[in-house]
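Reading through the structure tokens given below for one structure.
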Amino acid sequence: QVRLAESGGGPVQAGGSLRLSCTSSGWSPLNRPCMAWFRQAPGKGREGVAAIDRDGNAFYTNSVKGRFTISKDNADHTLYLQMNSLEVEDSAVYYCAATPDIATIASLPAERFFRYWGPGIQVTVSS
């Protein structure tokens, strides 16, 4: 069974950095999943933050472009999100998501395409 688990969240001051990790286990050796980060801030819907496909093509929501970097370890499918220059508006619960059903992407996929999800991890950015 595929399991995802986020780590690396916590409180940080505006302008600071965090590196989120998502451990990914249970994959078949033949799987080459597309993986993504979503977030949900209080009072808002779930928002796609970044995604990366099997070929390393990465896409970001406009609000984090130039500040966040998504990457993946292709050997074990561990997913990372390097978050720099954090703003209060980045505060949210961040979720790791993955699907084996997408080969390559040309844009940030919608939530509905991701089959597996982590439980989420809190990121709180203070001013």
Side-chain angles (χ1 to χ4, degrees):
Q1 181 180 8
V2 173
R3 293 187 62 186
L4 307 178
E6 303 92 346
S7 63
V12 64
Q13 291 193 324
S17 298
L18 285 175
R19 182 176 173 86
L20 302 183
S21 298
C22 174
T23 56
S24 181
S25 63
W27 295 106
S28 165
L30 297 179
N31 288 145
R32 300 177 66 192
C34 176
M35 303 188 72
W37 291 96
F38 288 78
R39 66 186 181 187
Q40 187 165 19
K44 297 183 179 180
R46 190 170 295 180
E47 173 191 29
V49 178
I52 186 166
D53 69 12
R54 63 179 63 181
D55 295 327
N57 299 307
F59 298 90
Y60 303 87
T61 191
N62 287 337
S63 64
V64 308
K65 287 180 179 178
R67 299 190 297 120
F68 290 11
T69 303
I70 189 171
S71 61
K72 179 162 64 73
D73 184 329
N74 289 325
D76 61 9
H77 308 303
T78 299
L79 185 71
Y80 303 96
L81 186 67
Q82 179 66 47
M83 304 185 292
N84 298 327
S85 301
L86 283 161
E87 303 290 345
V88 172
E89 292 75 17
D90 295 316
S91 296
V93 175
Y94 282 71
Y95 299 90
C96 174
T99 181
D101 303 321
I102 299 175
T104 59
I105 56 175
S107 62
L108 187 62
E111 178 181 357
R112 67 181 183 273
F113 292 104
F114 293 92
R115 180 182 298 179
Y116 303 109
W117 293 82
I121 191 164
Q122 180 71 50
V123 172
T124 302
V125 184
S126 60
S127 61

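The shown structure was predicted, so the numbers you read here are calculated from the model rather than taken from an experiment.
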Which pairs would a plain distance check flag for residues 11-24, meaning a side-chain donor or acceptor within less than 3.5 Å of a matching protein atom at least two apart in sequence or in another chain?
unit_1: Ser17; atom_1: OG; unit_2: Asn84; atom_2: OD1; d: 2.8
unit_1: Thr23; atom_1: OG1; unit_2: Ala5; atom_2: O; d: 3.4
unit_1: Ser24; atom_1: OG; unit_2: Trp27; atom_2: NE1; d: 2.2

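- Here the closest non-hydrogen pair linking Phe114 and Ala36 is CZ-CB, 3.5 Å.
- Of the possible donor and acceptor atoms, none in the side chain of Glu47 sits under 3.5 Å from a partner among the backbone N and O of Arg39.
- Separation of atoms CG (Asn57) and CD1 (Ile70) is listed at 11.5 Å; rounding is to 0.5 Å.
- Taking every heavy atom of both residues into account, Cys96 and Met35 meet most closely at SG-CE, 4.0 Å.
- Atom-to-atom distance recorded for Thr104:OG1 and Asp55:CG is 6.5 Å, nearest 0.5 angstrom.
- The backbone N or O of Val125 sits less than 3.5 Å from a side-chain atom of Ser91, completing a donor-acceptor pair.
- Rounding to the nearest 0.5 Å gives a distance of 6.0 Å between NE2 of His77 and NZ of Lys72.
- Of all heavy-atom pairs between Gly9 and Val123, the closest is CA-CG2, 4.3 Å.
- Side-chain atoms of Thr61 and Leu108, non-hydrogen and from C-beta on, do get closer than 4.5 Å to each other.
- Listed by chain and number, the residues in a side chain to side chain contact (heavy atoms under 4.5 Å, CB included) with Asp76 are Asp73, Thr78 (sequence neighbours excluded).
- Looking at heavy atoms from C-beta onward, Ser63 lies out of side-chain contact with Glu89 at the 4.5 angstrom threshold.
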Exercise. Start with the C-alpha gap between Ile52 and Leu79, add the side-chain angles, then the distance that decides, and say whether side chain to side chain contact (heavy atoms under 4.5 Å, CB included) holds.
Key: CA-CA 9 Å; Ile52 186 166; Leu79 185 71; 3.7 Å; yes

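- Under the 30°/60° scheme for interplanar angles, the aromatic rings of Phe68 and Tyr94 are found to be tilted.
- Here the side chain of Thr99 pairs a donor or acceptor atom with the backbone of Phe113 at under 3.5 angstrom.
- Between Ile105 and Ala51 the shortest heavy-atom distance is CD1-CB, 3.9 Å.
- Ring geometry for Tyr95 against Trp117 counts as perpendicular: the plane angle is over 60°, on a 0 to 90° scale with 30° as the lower cut.
- With Arg3 contributing its side chain and Ser25 its backbone, the two residues share no donor-acceptor pair below 3.5 Å.
- The nearest pair of heavy atoms linking Pro100 to Arg115 is CG-NH1, 3.9 Å.
- Scanning all heavy atoms of the two residues, the minimum distance from Phe38 to Ala110 falls at CZ-C, 4.1 Å.
- At a threshold of 4.5 Å between non-hydrogen side-chain atoms, the residues Trp37 and Glu6 count as touching.
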